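Predicted model, so just to flag it, every value in this text is computed and none were measured.
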Amino acid sequence: MGTKYLNQTLSAKVRAQALLEELSLEEKMAQVNCIFPFGEGYQDYKSIEKSTPFGIGQVSTLEMRRIQTLEDAARWQKKVQTIIVENSPHNIPAIFHMEGLCGAFIQDAASFPSGIGRGSGWDPKLEEQIGEIVSRQEAACGITHVLAPVLDISRDSRMGRQGETYGEDPALASALGAAYTRGIQKNETAGRKTESVAKHFLAFHNSQGGIHGTHSSTTERELREIYAKPFQAAVRESHLRGIMPCYCSIDGELVHSSKKLLSRLLREEMGFDGICVSDYGGVGNVHHVQHVGESEADAGLMCMEAGLDMELPSAAGYNERLQQMFQNGEADINILDALVLRVLEAKFRMGLYDNPYALQKDALKAAFYREKDWKVSYRSAQESMVLLKNNGALPMKRSVKRIALIGPHADSPRKLFGGYTHLCMMESTYAAANSIAGVNGVQQVDASKIQTVPGTNIQSDETEVLNAILRRQKPDCKSLLEELKVRMPDTEIIYAYGYPIAGADQSGFAEALQAVEAADAVILTLGGKHGTCSMASKCVFGPGNAVEGRKGHD
């Protein structure tokens, strides 16, 4: 057995090629796959060990959202990575991936506004700073694939994921997305470099009827001039290293299995040279939802041939049957080798082989905590605000002695956190219906026993168990009502709940109108809940009507 791949003075590509030549078929298949320690089973280390007999390519860290301290999150990564390295005959570490649009799903991590809010800031330099923070905090915990930025162009508000985009303009999304990519990829933390995985390639939000993951009726010109533009900018200006395809089909081409889109357009024309990872469940969708391929393995082979390097979050098409096809010559082993080479090169490029573990103790704290992180978060929140019209009411005059503050958002700090924040993702573990994209739709609790927004089937988020999440994650975060009392101590703030986030409940109207009549000025907080699963204001659930992950996400 050679050791050329251990030579740190050689390039990532040379080391990857040397290692590839030594791998067995089982090891190669492991490198294009992922494990998803989900639910309470994320600490089932025996199950993790059993599912990685030859190592693994990636590990999902979604369930870091449940871990209540930074130190425990870092210990979890080190424990899982140790199992994988020791199981791998060549001690190949896994890439750990995590969402990164609004900050890490890690206790004490900085949180940021949703994409649509940050788009209102028109501030590429600030986006780059946010990317640096997210990258550093995730890398400190051993995470080197940041699933961001979201470069989708949103022009149909019926699509429930509008909030994660920068908006409708491709030039703006290009500038902000390229900056965010630079921020993610410029840092080196503990000898590791994170890489950005931009999503969702391509024209995801131009789906028919605003339906999640259906056909995208996009012309060739629109595809290139509008929807591909932000991805091209991230590739050319910031050397984007990761791509995640969308669930849609375009002109009859299923994006996850399209050689035209993932190889000819993305790699040959646009110059992308990184790795392409599936969206959660995307390979399985090719066969089970889009009905292509005689089997999951056939669909998996199509995705490999198209240039899809890794399947997330667990094996569907990249399965044992496909391994047999390579073993007996039904499938060309060169197809698999090309994917594995890119995966290994990425791991060497990230510094993973030499520094695979999360930092611990003082080194972890030193890398993770920075006072400036909170200042950047605050500035981003300020810049995300939009003043549509000022009729002279602002700035508020000192003569205003009574303010009527109306609406549920005003007395709930939790409603300030959008769908991709750590807090919102932790809330979703208590959702009656799990509708996270790519995760099988499940009834997590008995929907008949949970509290709903009056007159709707939207799950209420006004419960003590959810408030406890806020107190643990963001103990110093104040509501608008609390903040106004601090900043305006000489002004009487008259609060009234008024109305819920949806529905036709008017029971609070009388109290709200009474508050308005007694006030010199009125502040109304309006709008729904930008959340996840059945606590989002657009999701539907109930007996026989659970929202399936591949079909809906707010």
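A side-chain hydrogen bond (donor to acceptor under 3.5 Å, both in side chains) check over residues 115-126, counting only residues at least two apart or in different chains, returns the pairs Arg118-Glu127, Asp123-Arg379. Screening residues 399-409 for side-chain hydrogen bond (donor to acceptor under 3.5 Å, both in side chains) gives Arg402-Glu492 as the qualifying pairs, with residues at least two apart or on separate chains.
Looking at Asp362, its side chain never comes within 3.5 Å of a backbone N or O of Leu364 through a donor-acceptor pair. Judged by distance alone, with hydrogens and angles left aside, the side-chain atoms of Thr69 form a donor-acceptor pair with the main-chain N or O of Asp72 at under 3.5 Å. Side-chain N or O atoms of His256 include none that pairs as donor or acceptor with a backbone N or O of Val283 at under 3.5 Å. Side-chain atoms of Gln137 come within 3.5 Å of backbone N or O of Ala110 as a donor-acceptor pair.
Looking at heavy atoms from C-beta onward, Thr525 lies out of side-chain contact with Ile406 at the 4.5 angstrom threshold. Between Lys199 and Leu147 there is a side-chain heavy-atom pair separated by less than 4.5 Å. Here the side chains of Leu202 and Ile250 are in contact, with some heavy-atom distance below 4.5 Å.
Heavy atoms only, all atoms of each residue included: Ala140 and Arg192 are closest at O-NH2, 4.0 Å. The nearest pair of heavy atoms linking Thr194 to Ile184 is OG1-O, 2.6 Å. Taking both residues in full, the closest heavy atoms of Ile106 and Cys141 are given as CD1-SG, 3.8 Å, listed atom of the first, atom of the second, then distance. Minimum interatomic distance between Leu312 and Cys34 (heavy atoms only, all atoms of both residues): CD2-CB, 3.7 Å. Shown here for Glu222 and Ser217, the closest heavy-atom pair between the two residues is OE1-O, 4.3 Å.
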Less than 3.5 Å apart, which donor and acceptor atoms pair up between the side chains of residues 504-515 and the rest of the protein, not counting sequence neighbours?
from: Asp505; atom 1: OD1; to: Ser507; atom 2: N; distance (Å): 3.0
from: Asp505; atom 1: OD1; to: Ser507; atom 2: OG; distance (Å): 2.9
from: Asp505; atom 1: OD2; to: Ser507; atom 2: OG; distance (Å): 3.3

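A ring-centre distance under 6.0 Å is found for Tyr247 and His212. For Phe36 and Tyr280, the ring centers are positioned less than 6.0 Å apart.
Residues Asp108 and Tyr369 bring a donor and an acceptor atom of their side chains to less than 3.5 Å of each other. A donor and an acceptor atom, one from each side chain of Gln185 and Ser196, are nowhere located under 3.5 Å apart.
More than 12 heavy atoms of other residues, nucleotides or ligands shown are found within 6.0 angstrom of CG on Asn390. Atom NZ of Lys365 has 12 or fewer neighbouring heavy atoms from other residues, nucleotides or ligands inside a 6.0 Å radius. The number of heavy atoms from other shown groups lying within 6.0 Å of CD (Glu383) is above 12. Annotation for Lys372: atom NZ counts as buried by contact number, over 12 foreign heavy atoms lying within 6.0 Å.
Just one of Arg241, Glu195, Gln58 meets the side chain to side chain donor-acceptor pair (under 3.5 Å) condition when paired with His145; it is Gln58.
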